[in-house]
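Let me begin by presenting the structure, written as C-alpha cells, before commenting on it.
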Amino acid sequence: TITGLKLGGYVQGTHMIVLKKRRGAQSGYQDEIVHEIRDEVERQIKEMIGLNDQMDAARGENIFNDADLQMAGYAAALRVLTAYTKIDGVDMTREAMRPRKKGESTIVDELTEFAVQTANEFLVPEGLERNLWLELNGAERFYLKMTDIEEAGEAKLDQFQNFAKAFRVGDYDDMMASKSPNNARLKTATELGKTAMAEGTPFGRDSIVRIALRGVWRIGKEDEAEDVLEELRDLIPDYHRKRDVLTQIVGYLAAKREMTDPAEARAARILVTAIQMERI
C-alpha cells in the first residue's frame, strides 16, 4: 500500500463484512454448495441492480459500481460458505487456520472463485446481449468492460487490476495505453493497429473483438470498406454466421467511444454500416 500511495493509488472505498456466531453444525458437499452459492450470488446482484435502477430513476445516479457488485459476489459466497462446519468431510475451522503452501488452491478458494465468475455473468455492459457476453473469452470481456467503465470518466488502475483478475486475464499490458494509478486507459483501435494479432492468443487472431478493432483501425486510416470486409471474411471463421456478433461489437465500440474518441466512433459507425449493407 505504501508503494501504491507514492504513485497516487489512494484507497477508493471500504467494504465491511459483519460476522455473526454460527448456530448448529451443518455439513455439505461441493457439488451441492455451488448451486446454493450461484442462487445467493444471483439474488444479491439482482437486489443491488434493483436499488441502482431505483436511484437512477429518482436521482439519475447509481449507488453501486461494478467493483461493488463484484465484491458482493465474494460476500454472498462467504455467507453460504461460513454456514458450513464441514464441506466434503473437511473441518472448515481447521481448513481456515492451517498454514497455506504457496500456490495452493483450497476448497474455499475454488468456491469463492466460482462465486466471482457467477457475479461477472451479470456484469454485462449496456449495449451487449447477455448471450454474446457469455460466449466471449476473458480478455475480450476485460476489454469491452473497461471500455464501458472508461466512458463514465477517468478509470482507476485498481479497477483494471480487479477486472483482470476476475476475468482471469494474466497479462493485459498489450491492451493498455496508460497504467497511471488515477488515469489508466486502454489502447484504442488506432493505438492497437495491426499489433498483438498472434495466433492462438486470447486477444489475437482468434479473438472476434480484436479483429473488430483491427477493422475499425483500417477504416479510420481510410482503407476501402470492401477491402476491410474482405479481410474480416478471411480472418473470422464462419463469417456469415458471426456477422450479427461482429455488428453488435463494432456498434458497441462506436457508442462507447463517442465521447472519448469521436474519430474512432465515426470509423466504427462506417464499418457497422458496411457490414449491414454488404451483399451475402
Side-chain angles (χ1 to χ4, degrees), residues 11-18 34-81 111-138 140-169 182 184-186 209 244-245 247-261 265 268-269 272:
V11 174
Q12 301 298 321
T14 303
H15 293 83
M16 300 180 70
I17 298 178
V18 179
V34 290
H35 295 296
E36 192 177 344
I37 287 175
R38 175 179 284 278
D39 290 344
E40 183 63 12
V41 170
E42 182 175 352
R43 186 200 64 76
Q44 179 72 75
I45 299 296
K46 284 184 174 179
E47 180 180 311
M48 295 170 73
I49 290 175
L51 290 170
N52 268 356
D53 291 342
Q54 290 177 33
M55 285 298 292
D56 189 36
R59 301 184 187 177
E61 61 181 358
N62 288 331
I63 307 172
F64 308 109
N65 60 31
D66 286 336
D68 295 324
L69 296 175
Q70 200 178 67
M71 187 62 71
Y74 281 108
L78 289 173
R79 196 154 51 239
V80 173
L81 289 172
L111 291 174
T112 50
E113 176 67 19
F114 171 79
V116 173
Q117 296 308 314
T118 301
N120 287 337
E121 291 178 10
F122 291 90
L123 302 182
V124 184
E126 185 178 353
L128 295 177
E129 294 177 2
R130 180 176 167 82
N131 288 341
L132 182 151
W133 181 249
L134 296 178
E135 289 179 9
L136 300 174
N137 65 42
E140 292 171 322
R141 288 188 190 183
F142 172 79
Y143 189 92
L144 295 178
K145 187 65 188 178
M146 299 318 298
T147 301
D148 184 45
I149 288 174
E150 283 183 6
E151 184 199 25
E154 293 182 350
K156 309 292 185 182
L157 181 59
D158 70 326
Q159 292 175 297
F160 285 86
Q161 293 168 336
N162 289 338
F163 279 102
K165 183 178 179 181
F167 295 137
R168 298 179 181 177
V169 183
N182 292 310
R185 184 173 67 82
L186 292 168
V209 174
D244 289 342
V245 172
T247 301
Q248 191 177 155
I249 291 170
V250 177
Y252 171 85
L253 292 170
K256 297 300 176 181
R257 292 270 158 82
E258 189 65 53
M259 298 298 294
T260 58
D261 193 331
R269 287 195 299 273
V272 166

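One-based numbering along the sequence shown.
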TODO: Hey, could you give me each pair passing side-chain hydrogen bond (donor to acceptor under 3.5 Å, both in side chains) that has a residue in residues 124-134? Not counting sequence neighbours.
DONE: none
TODO: Please report the shortest heavy-atom distance between I45 and A119, naming the atom on each side.
DONE: CD1-CB, 4.3 Å
TODO: Using modelled atom types only, decide if a donor and an acceptor are shared between the side chain of K156 and the backbone of A184 within a distance under 3.5 Å.
DONE: no
Task: Contact check, side chains of I17 and Y74, non-hydrogen atoms, under 4.5 Å - done: no
TODO: Would you mind reporting whether Y143 and V169 have side-chain heavy atoms less than 4.5 Å apart?
DONE: no
TODO: Identify the two heavy atoms, one from A72 and one from M48, that lie closest to each other, and give their separation to 0.1 Å.
DONE: CB-SD, 3.4 Å
Task: Taking every non-hydrogen atom, the tightest pair across P125 and Y252 - done: CB-OH, 3.3 Å
- [ ] List the steps and the verdict of side chain to side chain contact (heavy atoms under 4.5 Å, CB included) for R269 and E258.
- [x] CA-CA 10 Å; R269 287 195 299 273; E258 189 65 53; 2.5 Å; yes
TODO: Compute whether any side-chain donor of one residue and acceptor of the other, for Q44 and E40, lie under 3.5 angstrom apart.
DONE: no
Task: With sequence neighbours excluded, residues passing side-chain hydrogen bond (donor to acceptor under 3.5 Å, both in side chains) with K46 - done: E42
Open item on the list: On a heavy-atom basis, which atom in L132 and which in L128 lie closest, and how many Å separate them?
Closed with: CD2-CD2, 4.4 Å
TODO: Could you tell me whether the side chain of L81 reaches within less than 4.5 Å of the side chain of I37, counting heavy atoms only?
DONE: yes
TODO: Walk me through it: do F142 and L186 pass the test side chain to side chain contact (heavy atoms under 4.5 Å, CB included)?
DONE: CA-CA 10 Å; F142 172 79; L186 292 168; 4.2 Å; yes
- [ ] With sequence neighbours left out, write down each residue that passes side-chain hydrogen bond (donor to acceptor under 3.5 Å, both in side chains) with R141, or none if nothing qualifies.
- [x] none
Task: Over 12 non-hydrogen atoms of neighbours within 6.0 angstrom of CE in M55 - done: yes
Open item on the list: Could you walk me through whether E113 and R168 satisfy the side chain to side chain contact (heavy atoms under 4.5 Å, CB included) test, starting with their C-alpha distance in whole Å, then the side-chain angles of each, then the deciding distance to 0.1 Å, before giving a yes or no?
Closed with: CA-CA 10 Å; E113 176 67 19; R168 298 179 181 177; 2.9 Å; yes
Task: With sequence neighbours excluded, residues passing side chain to side chain contact (heavy atoms under 4.5 Å, CB included) with T247 - done: V272, I275, Q276
Open item on the list: Any heavy-atom pair between the side chains of D39 and E36 that's under 4.5 Å?
Closed with: no
Open item on the list: Ignoring hydrogens, what is the shortest heavy-atom contact between A115 and G73? Give both atom names and the distance.
Closed with: CB-O, 3.6 Å
Open item on the list: Main chain of D158, side chain of N162: is a donor-acceptor contact present, judged purely on distance under 3.5 Å?
Closed with: yes
Open item on the list: Taking the side chain as everything from C-beta on, heavy atoms only, tell me whether L69 gets closer than 4.5 Å to F122.
Closed with: no
TODO: Taking N52 for its side chain and F64 for its backbone only, find out whether a donor-acceptor pair lies under 3.5 Å.
DONE: yes
Task: Chi angles and distances behind the side chain to side chain contact (heavy atoms under 4.5 Å, CB included) call for L136, L144 - done: CA-CA 10 Å; L136 300 174; L144 295 178; 3.6 Å; yes
TODO: Please examine the side chains of K165 and Q70, heavy atoms only from C-beta on, and report whether any two atoms are closer than 4.5 Å.
DONE: no
Open item on the list: Within the structure provided, determine whether E140 and I249 are in side-chain contact (heavy-atom separation under 4.5 Å).
Closed with: no
Open item on the list: With a 4.0 Å cut-off on N to O distance, would you call R38 and E121 a salt bridge?
Closed with: yes
- [ ] For K256, check side-chain hydrogen bond (donor to acceptor under 3.5 Å, both in side chains) against everything at least two apart and list the hits.
- [x] D148, E151
Task: Within-4.5 Å side-chain heavy-atom neighbours: I149 and F163 - done: yes
TODO: Using side-chain hydrogen bond (donor to acceptor under 3.5 Å, both in side chains) as the criterion, list what pairs up with Q54, not counting sequence neighbours.
DONE: none
Open item on the list: If you compare all heavy atoms of T147 against all heavy atoms of R257, which two are closest, and at what distance to 0.1 Å?
Closed with: OG1-NH2, 3.7 Å
